[in-house]
Amino acid sequence: MKIATYNVNGVNGRLQVLLRWLEEARPDIVCLQELKAPQENFPIAAIRAAGYGAIWHGQKSWNGVAILARGTDPQETRRGLPGDPDDAHSRYIEAAVKGILIGCLYLPNGNPAPGPKFEYKLRWFERITAHAAELLASGAPVVLAGDYNVMPTELDVHKPERWLDDALFRPEVREAFRHLVAQGWTDALRELHPGERIYTFWDYFRNAYARDAGLRIDHLLLSPSIAGRLRGANVDRPVRGWEKTSDHAPTWIDLGTSGADVGQFRSRTTGRSRSGE
DNA sequence: ATGACTCACTACGTGAGA
């Protein structure tokens, strides 16, 4: 079971890239962010033709999130993050898919910091943390996947010293991410690749992808009830090199059928897990 | 310190992204 998160940076402008990646990587579940499309302009026909059911929450020009499921329709459980009825941004959608509760999130960027946008980011972090605690308390198998707009540690950023005052790396934001994870979540990529430099985003500027001047800001957090099924996790880096591509690359995990047979499954799935690169 | 790039929009500049 392959679950991916992908900030597409415009789902219509990026449709050919998205469809090619879906066909090559064949993820079972996909969380998309930055649709940059109003509700009625989501390319549902093309996504259905590719074999995926979908739910989405659009918004004109900015934001927008979606959950795709291969061969089935996600069963929506929530649209919008609780805690602020005045928040009009489309940044959270949640669904039950294939026995897993999937939260798809697009956390605010927060720049410039300090300022109202940074305050909004910190408040949004408090709200997702409160909601995440409720999800954990339910005991359900949960994956919280998306663009968190946070580099959790210095290992997750090409030149940490240049990002110290940035809203993606300021101490308050890293602390907020630590606080969230400390509830009991597993940062899947870091769990399987401790100490390794892994990026999920490369700026369009300054030839950043060719120089590998990236950031790790797209994350998949696993609840304890599903963390034992983690078999693989990685980034489909080559997608970032395609024509007309997003500045993010698809980031994914591979889950086994249960947590009881780790060794048996790891040896069987490793090759398949890496075939998408 | 700045800008480089890319997107969408009552567009031929602007705001936002990270």
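Computed over heavy atoms, backbone and side chain alike; hydrogens, waters and symmetry mates excluded. The model shown is predicted, which means the values in this text are computed figures rather than measured ones.
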Each residue besides A/F201 in its hydrophobic cluster should be listed here, by chain and number; the cluster joins Ile, Leu, Val, Met, Phe, Trp and Tyr at side-chain heavy-atom distances under 4.5 Å. A/M151, A/V157, A/W163, A/L164, A/L168, A/F169, A/L215, A/I217

So, using side chain to side chain contact (heavy atoms under 4.5 Å, CB included) as the criterion, who are the partners of [X] when residues are at least two apart?
X	answer
A/N41	A/N12, A/A37, A/P38
A/S225	A/P141, A/S223
A/P114	A/R170

Can you list everything that forms a ring-ring contact (aromatic ring centres under 6.0 Å, His included) with A/H158? Sequence neighbours excluded, please. none

Residues in ring-ring contact (aromatic ring centres under 6.0 Å, His included) contact with A/F177, at least two apart in sequence or another chain: A/Y148, A/H219

Apply salt bridge (Lys or Arg N to Asp or Glu O under 4.0 Å) to A/R20 and list each qualifying residue two or more places apart in sequence or on a separate chain.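 By the salt bridge (Lys or Arg N to Asp or Glu O under 4.0 Å) rule, A/R20 matches A/E24.
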
Check salt bridge (Lys or Arg N to Asp or Glu O under 4.0 Å) between A/E175 and all other residues, then give those that pass, not counting sequence neighbours. A/R178

Within the structure shown, what part of the strands sits under 4.0 Å from [X] by heavy-atom distance: base, sugar-phosphate, or nothing?
X	answer
A/Y106	sugar-phosphate
A/K117	sugar-phosphate
A/D147	sugar-phosphate
A/N7	sugar-phosphate

DNA chain B contacts among residues 200-214 of chain A, heavy-atom distance under 4.0 Å: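 Listed by number, they are A/F201, A/Y204, A/F205, A/R206.
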
Selection: residues 162-169 of chain A, any non-hydrogen atom under 4.0 Å of DNA chain B: A/L168

Verify whether the ring centers belonging to A/H89 and A/Y120 lie closer than 6.0 Å. yes

In whole Å, what separates the [atom1] atom of [N] from that of [M]?
N	M	atom1	value
B/dC5	B/dA11	P	25 Å
B/dA18	B/dC7	P	14 Å
B/dT10	B/dG15	C1'	16 Å
B/dT14	B/dA1	P	25 Å
B/dT2	B/dT6	P	22 Å
B/dC9	B/dA4	P	24 Å

Salt bridge (charged side-chain N to carboxylate O under 4.0 Å, His left out), that's the test. Do A/R231 and A/D254 meet it? Break it down for me. CA-CA 5 Å; A/R231 303 289 182 269; A/D254 187 33; over 6 Å; no

Under the ring pair (Phe, Tyr, Trp, His ring centres under 6.0 Å) definition, can you give me all pairs with a residue in residues 54-84 of chain A, not counting sequence neighbours? A/F42-A/W56

Outermost nucleotides of DNA chain B that come under 4.0 Å of a non-hydrogen atom of chain A: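 Endpoints of the contacted stretch of DNA chain B: B/dG3 to B/dA18.
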
For A/S61 and A/E34, take the nucleotide of DNA chain B holding the closest heavy atom to each; which residue's nucleotide lies nearer the 5' end?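 Upstream on the strand: A/S61.
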
